[in-house]
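Pasting a structure below so you can have a look.
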Protein chains: 2
Amino acid sequence: MGISERKEREKQEMKDLIFQAAMDLFIEDGYEKASIRKIADRIEYSPATIYLYFKDKDEIFHAVHEKGFELLFARMETLAVIENPFQRLQKLGEIYLKFAYDHPELYDLMFIMRAPMEALKQENEDWNCGFKAHNGLREIVRACIGQGDMKTMDVDVAALSIWSFAHGLASLAIRNRLKMYPPDQLDTLIPDSIENMLRLFRKE
Amino acid sequence: MGISERKEREKQEMKDLIFQAAMDLFIEDGYEKASIRKIADRIEYSPATIYLYFKDKDEIFHAVHEKGFELLFARMETLAVIENPFQRLQKLGEIYLKFAYDHPELYDLMFIMRAPMEALKQENEDWNCGFKAHNGLREIVRACIGQGDMKTMDVDVAALSIWSFAHGLASLAIRNRLKMYPPDQLDTLIPDSIENMLRLFRKE
DNA sequence: CAAAGTTAATAAACGCTGTTTAGTATACAA
DNA sequence: TTGTATACTAAACAGCGTTTATTAACTTTG
């Protein structure tokens, strides 16, 4: 009996359809504009139908947030070919901040907004994407210190510090808190700050 | 004729009343719960009355955000008596992060939420609180470098880096992105990270 | 003092939001 | 063909920020 398989498939296709509409609307106009009703409108179903496939809005945007991590991880794959751990760290920072610059709404959802974390809480799940990303950073930091490219310090301390710095920079920019610097000054100030920070962590 | 003065005074008192209700609700339950209708309820006026004293919700929460900066600046006054610039920087970091820990909702409004920045945009004003706070940091950094307590680097680069690090730490914690570290590990990891970061900036 | 003008306050509505409920078709199984 | 399970939705609920029209009170003027 292939009927239940087809139904399963159709259910997944519908879920994908909803997700894709949510993703598109979100990327286009941000979280505020991506309402359940507009998602429903776009796929030409009623709002109530959405709730047959997703528990609530948080769950939809948790899915979008996961897709964001997929995009970030895809960009990170280029790291594997870099031999030198410190160069890998440098490139990781570049990728991370470029991602925030290219997809501010996605970055916002992944690292600033509350919605996707609320979805985790309800399902009693771990923040696996976040764990994986942070673990990537930690392993690079470990290699840097092990190789003697980075000053001797606790791996977790270094990883948390570097992430905090990068996230601070990205989130201050995204949430419009860098008004004290004119845009053209920021264009040099931000790369300079990153370079300077790497210099401080580097050994010698 | 003292009538117009009295009216002026009453107008200000009403504005204060609304502001105080907004502040209390916000501190108690956060931004989501502090709706115009609940503010109106609390002071026993109709929601429409609020709009006679504030242009919109953003303007109310811009006022709350300014009050937050007042509280932060009050805490910063203890810095003046510290002679050594690097100790002043250390203390500033401590005050900044303690503030974020003590008043997460206020910190959120001041440095993460979009609402108060939207209010600025509409009035075409500058982010004076932010400018003032950042200038305080910059002057301390300038003194540190001038005195030879901090490694030689551009003042703006150092100030932006330190702020980004501190804000990154605070905002990751407030927006629940540090789940990869159990709370008791964070209790030591965060102070260690701050100490380590200061060590990296310190000369010698 | 009464009439006119000004101001403060609000009830009700508008157009949104996320979510739930009850009911209707349709597709499948017996 | 009949009965049941499934997919879907119209309508409603309860909330939101905000605006409009109206009332009530107070102040000024003739």
**OP:** Could you check B/L198, B/V155, B/I162 and say which one makes a side-chain contact (heavy atoms from CB on, under 4.5 Å) with B/M150?
**Re:**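 Testing each of B/L198, B/V155, B/I162 against B/M150, the sole residue satisfying side-chain contact (heavy atoms from CB on, under 4.5 Å) is B/I162.
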
**OP:** Could you tell me whether the side chain of B/T49 and the main chain of B/Y45 form a donor-acceptor pair under 3.5 Å?
**Re:**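 Here the side-chain-to-backbone pair does not exist.
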
Subject >> A/E118 CD to C/dT19 C1', straight-line distance once rounded to whole Å >> reply: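 Taking atom C1' of C/dT19 as the reference, CD of A/E118 is at 17 Å.
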
Original post:
Could you give the CD1-to-P distance, from B/I36 to C/dC14, as a whole number of Å?
Top reply: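 One finds 21 Å between P of C/dC14 and CD1 of B/I36, rounded.
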
**OP:** Give a yes/no on whether any side-chain N or O of B/K38 is located under 4.0 angstrom from OP1 or OP2 of D/dG15.
**Re:**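 Answer is no, no contact under 4.0 Å.
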
Subject >> Stepwise ring-ring contact (aromatic ring centres under 6.0 Å, His included) check, B/Y181 with A/H134 >> reply: CA-CA 10 Å; B/Y181 298 107; A/H134 190 63; 5.2 Å; yes

Subject >> Any A/S46 side-chain N or O less than 4.0 Å from OP1/OP2 of D/dC8 >> reply: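 It does not, given that no N or O in the side chain of A/S46 lies less than 4.0 Å from OP1 or OP2 of D/dC8.
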
**OP:** Check whether any side-chain N or O of B/T49 sits under 4.0 Å from OP1 or OP2 of C/dA9, and answer yes or no.
**Re:**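 Result: no.
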
**OP:** Rounded to the nearest angstrom, tell me the gap between atom NZ in A/K33 and atom P in C/dC16.
**Re:**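 One finds 11 Å between P of C/dC16 and NZ of A/K33, rounded.
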
Original post:
Would you say D/dT6 has OP1 or OP2 under 4.0 Å from some side-chain N or O of A/K11?
Top reply: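 No, A/K11 has no side-chain N/O under 4.0 Å of OP1/OP2 on D/dT6.
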
**OP:** Can you establish whether the number of heavy atoms outside B/Y101 located under 6.0 Å from its atom OH is more than 12?
**Re:**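 At most 12 heavy atoms, drawn from other residues, nucleotides or ligands, come within 6.0 Å of this atom.
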
**OP:** Find which nucleotide of DNA chain D each of A/Y53 and B/Y51 is nearest to by heavy atoms, and output the residue with the more 5' nucleotide.
**Re:**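 Going by which nucleotide is closer to the 5' end, it is A/Y53.
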
**OP:** Figure out the CZ/C1' separation between A/F54 and C/dG18, and round it to whole Å.
**Re:**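 About 16 Å, once rounded to whole Å.
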
Subject >> Nucleotide of D/dG17, C/dT19, C/dA9 approaching A/P47 most closely (side-chain heavy atoms) >> reply: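 That would be C/dT19.
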
**OP:** Would you mind reporting whether A/I36 and A/I60 have side-chain heavy atoms less than 4.5 Å apart?
**Re:**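 A/I60 vs A/I36: side chains touch.
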
Original post:
A/M14 has an atom CE; how far is it from atom P of D/dA7, in whole Å?
Top reply: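 So the CE-P distance, A/M14 to D/dA7, works out to 10 Å.
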
Original post:
More 5' along DNA chain D: A/L52 or A/R37, using each one's nearest nucleotide?
Top reply: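 The residue closer to the strand's 5' end, by nearest nucleotide, is A/L52.
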
**OP:** Provide, to the nearest angstrom, the distance between the CD atom belonging to B/E32 and the C1' atom belonging to D/dC16.
**Re:**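 One finds 11 Å between C1' of D/dC16 and CD of B/E32, rounded.
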
**OP:** Would you kindly give the CG-to-C1' distance between B/L17 and C/dA9, to the nearest whole Å?
**Re:**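 Taking atom C1' of C/dA9 as the reference, CG of B/L17 is at 14 Å.
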
Subject >> Value in whole Å for how far the P atom of D/dA7 lies from CD1 of A/I18 >> reply: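 Taking CD1 of A/I18 and P of D/dA7, I get 12 Å after rounding.
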
